[in-house]
There are 2 protein chains.
Amino acid sequence: MSQHRHPGAPGRAGAVPALPDLPEATVARLPEYLRALHNLADAGHETISSEGLSAAAGVNSAKLRKDLSHLGSYGTRGVGYDVALLIEQIEYVLGLTQRRAVALVGVGNLGHALAGYDGFASRGFRIAALLDADPSRVGEEINGLVVRHVDELPAVATEESIAIGVIATPAAAAQRVADQLVAVGVTSILNFAPCVLSVPEGVDVRKVDLAIELQILSFHEHRKASLTALPATGGSALTALPGGLAATDTQEAIGT
Amino acid sequence: MSQHRHPGAPGRAGAVPALPDLPEATVARLPEYLRALHNLADAGHETISSEGLSAAAGVNSAKLRKDLSHLGSYGTRGVGYDVALLIEQIEYVLGLTQRRAVALVGVGNLGHALAGYDGFASRGFRIAALLDADPSRVGEEINGLVVRHVDELPAVATEESIAIGVIATPAAAAQRVADQLVAVGVTSILNFAPCVLSVPEGVDVRKVDLAIELQILSFHEHRKASLTALPATGGSALTALPGGLAATDTQEAIGT
DNA sequence: CGCGATTTGTGCACGTCTTCACAAGCGCCT
DNA sequence: AGGCGCTTGTGAAGACGTGCACAAATCGCG
Ligand SMILES: NC(=O)c1ccc[n+]([C@@H]2O[C@H](COP(=O)([O-])OP(=O)(O)OC[C@H]3O[C@@H](n4cnc5c(N)ncnc54)[C@H](O)[C@@H]3O)[C@@H](O)[C@H]2O)c1
Ligand SMILES: NC(=O)c1ccc[n+]([C@@H]2O[C@H](COP(=O)([O-])OP(=O)(O)OC[C@H]3O[C@@H](n4cnc5c(N)ncnc54)[C@H](O)[C@@H]3O)[C@@H](O)[C@H]2O)c1
């Protein structure tokens, strides 16, 4: 189609990136759009309307358009968005043009699953190192990678630039590991241990906590139960849940 | 301490619960407070100030007080909150007074890790069934539970009331599994597969996607890099990141 | 060449969430 | 009994996020 001069495009090296500072809510949705776009590309679509893409990503179409407008992406009115171009743009903004190296610390129950997960590679990341403190685990080979002792972290960090550290140790060890990661220059951490990490300014921590997710679901379960129990009148089944019930940033009732 | 008559207390059966409809943001933080409170209780604290608890949970103290005020919790001015009482209240609101049964579908790489995870039991849940479609996996015993075929889901659901379904299958199978869960009456789903599920109204879906978390971190990594690259003046190290950088609902820079 | 169908980009209004700042309440000490 | 220091609970303001609704832009077709 008409070749647009999109700002901060991947191809143009050299120039200042000029990253627009996106709203956090938008940043959190971009990966979802990206996944949907890859699916669409695989299915042979060359363009997609905001309506179609928003359905595939499970969000409101107006929200999607606003999100995309923030990153200066140009769709074509009357047509939609160029799938390949949009993928390129989003990957650029998310910093996925370089395959980022991930260090995984704690190769236990969960760590094993993560180490064997192919979703890392297919979505822009590369496990660069597996680390554990247990001597009996060190030396084990998983998916072509050998588990090394966590004290070798500084050595690992000099071998290659670690972009992200993943903590899958017990909570009691998580803070120490975080400190070690920070010490070797890691500024982004994904924490699976159920605890609060304290890190210096400039270091980002995201947390995934299974139990929290379950407890949030439990709350809604509890609430739904208390709602259906209340109507003292007849006792009709659950119909027309009040509007405000929808989960936070989660999909609900997309409509079959 | 003085025995308060707190509304909707766990002990009092019978009476209408009168669940206040909490802001979603608050609901999402309650589990974090609960975890922090359990830690404090184990450490021997009988009371805790909003300042202390908020530090342990990694949030702003004003926010914590407002959250707790929403659920009508009574602290004591000049003293703080009674740890045991607060645990009881939060567990009640989250619906954790009954140990909820979880059905785990997809006992592969990730499913195995989840099945062997003791954080379920310790935080109010009980794995009631392990299900898989692969005949070679059916019959395997994990942690005292035998893997059953996913088609037995209806039977499982009649044996005991499944409160929450966890999907740990490949994305391609997730929608089908969700439909099966909904068909047997499950109204809360935790989805680990990277895809959008469509479910009827009244069913809550929460999603955990590792790659999304990593990509959000990647964005900030990218942004930090472009910021330190910009200052054409001298080139001092990264200091004083602009205020708006903090991650969404995640902790950052708690201060060492 | 012009027109209608289609779809983007966005102004605006509304709701939710966060944070400050402080009055009211409580317990302890004198 | 009274005062003092500490802590909660909350009003108000502002930041942020959402979704409607529509003007502007583009394409395809007659
Ligand atoms: N297993 C799950 O499904 C699951 C789910 C959610 C969260 N989690 C959390 O993830 C974390 C790991 O869970 P898990 O089940 O894999 O536990 P695990 O005990 O099986 O594995 C922990 C691993 O960390 C290693 N380790 C301990 N201290 C270390 C240190 N200082 N440095 C490096 N490695 C160290 C141990 O040697 C072990 O291999 C826990 O915090 C758990 O709460 C696990
Ligand atoms: N492994 C990880 O660390 C990880 C991390 C994040 C997300 N995920 C996601 O979790 C899901 C599972 O990952 P995995 O690594 O465990 O994959 P896996 O292939 O090891 O396991 C999938 C399991 O699901 C079973 N299954 C397939 N279709 C089914 C059906 N219709 N009903 C019931 N069971 C069925 C398979 O037999 C297999 O045992 C994937 O969607 C993956 O993207 C995995």
Side-chain angles (χ1 to χ4, degrees), chain A residues 1-4 6-7 20-30 33 45-55 57-83 85-86 89 242-252, chain B residues 1-2 4 6-7 20-30 32-33 45-55 57-83 85-86 89 242-252:
Chain A
M1 309 303 152
S2 58
Q3 65 278 41
H4 274 126
H6 46 287
D21 54 348
L22 308 173
E24 263 305 313
T26 296
V27 174
R29 283 188 293 267
L30 288 180
Y33 302 156
H45 290 71
E46 299 209 338
T47 64
I48 184 70
S49 69
S50 64
E51 204 65 49
L53 181 52
S54 69
V59 302
N60 181 304
S61 70
K63 187 151 56 179
L64 177 125
R65 286 198 297 277
K66 187 152 291 186
D67 283 341
L68 294 187
S69 77
H70 277 125
L71 51 91
S73 170
Y74 302 162
T76 308
R77 294 174 188 222
V79 177
Y81 298 90
D82 181 300
V83 172
L85 176 61
L86 200 47
Q89 288 229 336
L245 189 134
T248 0
D249 57 333
T250 316
Q251 39 157 311
E252 196 217 11
Chain B
M1 297 287 146
S2 58
H4 274 125
H6 45 288
D21 55 346
L22 308 173
E24 263 306 313
T26 295
V27 173
R29 282 187 294 266
L30 287 181
E32 199 71 54
Y33 302 157
H45 289 71
E46 298 208 338
T47 64
I48 184 70
S49 69
S50 65
E51 204 64 50
L53 181 53
S54 69
V59 302
N60 180 304
S61 70
K63 186 151 58 179
L64 177 127
R65 285 198 299 276
K66 186 148 289 186
D67 283 341
L68 294 187
S69 77
H70 278 124
L71 52 91
S73 170
Y74 303 163
T76 308
R77 296 175 187 221
V79 177
Y81 299 90
D82 180 300
V83 172
L85 176 61
L86 200 46
Q89 289 229 335
L245 189 134
T248 0
D249 58 333
T250 316
Q251 38 158 310
E252 195 215 11

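Just so it is clear, the structure is predicted and the values come from calculations on it, not from any experiment.
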Regarding the side chain of S49(A), the nearest nucleotide among dC17(C), dT7(C), dT26(D) is dT7(C)

Under the side-chain contact (heavy atoms from CB on, under 4.5 Å) criterion, do T47(B) and T76(B) qualify, and how do the steps go? CA-CA 10 Å; T47(B) 64; T76(B) 308; over 6 Å; no

Candidate nucleotides dG17(D), dT7(C), dC17(C), ranked by approach to the side chain of R77(A) - the nearest: dT7(C)

Would you indicate which nucleotide in dG9(C), dT8(D), dC17(C) comes nearest to any side-chain atom of E24(B)? dC17(C)

Is the phosphate of dC26(C), meaning OP1 or OP2, less than 4.0 Å from a side-chain N or O of T76(B)? no

L53(B) has an atom CG; how far is it from atom C1' of dT8(D), in whole Å? 13 Å

How long is the line joining CG of N60(A) and P of dT10(C), in whole Å? 17 Å

Could you pull out all residues at least two apart from R65(B) that satisfy salt bridge (charged side-chain N to carboxylate O under 4.0 Å, His left out)? none

Have a look at the helix from dC1(C)-dG30(D) to dT30(C)-dA1(D) and give the angle its two end axes make, five pairs each, rounded to 10 degrees. 0°

Which of L30(A), L68(A), L71(A) passes side chain to side chain contact (heavy atoms under 4.5 Å, CB included) with Q89(A)? It is L71(A)

What is the separation between atom CG on L71(B) and atom C1' on dT10(D), rounded to the nearest whole Å? 15 Å

Specify the separation, in whole Å, of atom OH of Y81(B) and atom C1' of dG25(C). 13 Å

Please state how far atom CG in L86(B) lies from atom C1' in dT8(D), giving the value in whole angstrom units. 13 Å

For a quick test of reading the model: is some side-chain N or O of S50(B) closer than 4.0 Å to OP1 or OP2 of dT8(D)? yes

Comparing K63(A) and V79(A) on DNA chain D - which has the more 5′ nearest nucleotide: K63(A)

Starting from C1' on dG19(D), measure out to CG on L68(A) and report it in whole angstrom. 16 Å

What is the distance, rounded to the nearest whole Å, between atom CG of D21(A) and atom P of dG17(D)? 11 Å

Restricting to non-hydrogen atoms, name the atom on Y33(B) and the atom on D67(B) that form the minimum distance, rounded to 0.1 Å. OH-OD2, 2.5 Å

Which one, dT8(C), dT10(D), dG27(C), comes nearest to the side chain of S69(B)? dT10(D)

Specify the closest pair of heavy atoms between H70(B) and T26(B), including all atoms of both residues, with the distance to one decimal. ND1-OG1, 3.9 Å

Using atom CD of E46(B) as one end and atom C1' of dG27(C) as the other, report the distance to the nearest whole Å. 16 Å

Counting C-beta onward and ignoring hydrogens, is there a side-chain heavy-atom pair between R29(B) and V59(B) closer than 4.5 Å? yes

Which one, dT8(D), dG9(C), dG19(D), comes nearest to the side chain of A62(A)? dG19(D)

Starting the side chain at C-beta, find the nucleotide from dC27(D), dG9(C), dT10(D) nearest to K66(B). dT10(D)

Drop me the distance from D82(B)'s CG to H45(B)'s NE2, to the nearest 0.5 angstrom. 13.0 Å

Of all heavy-atom pairs linking L22(B) and V27(B), the shortest is CB-CG2, 3.8 Å

Testing dA21(D), dC20(C), dT8(D) for proximity to the side chain of R65(A), the answer is dA21(D)

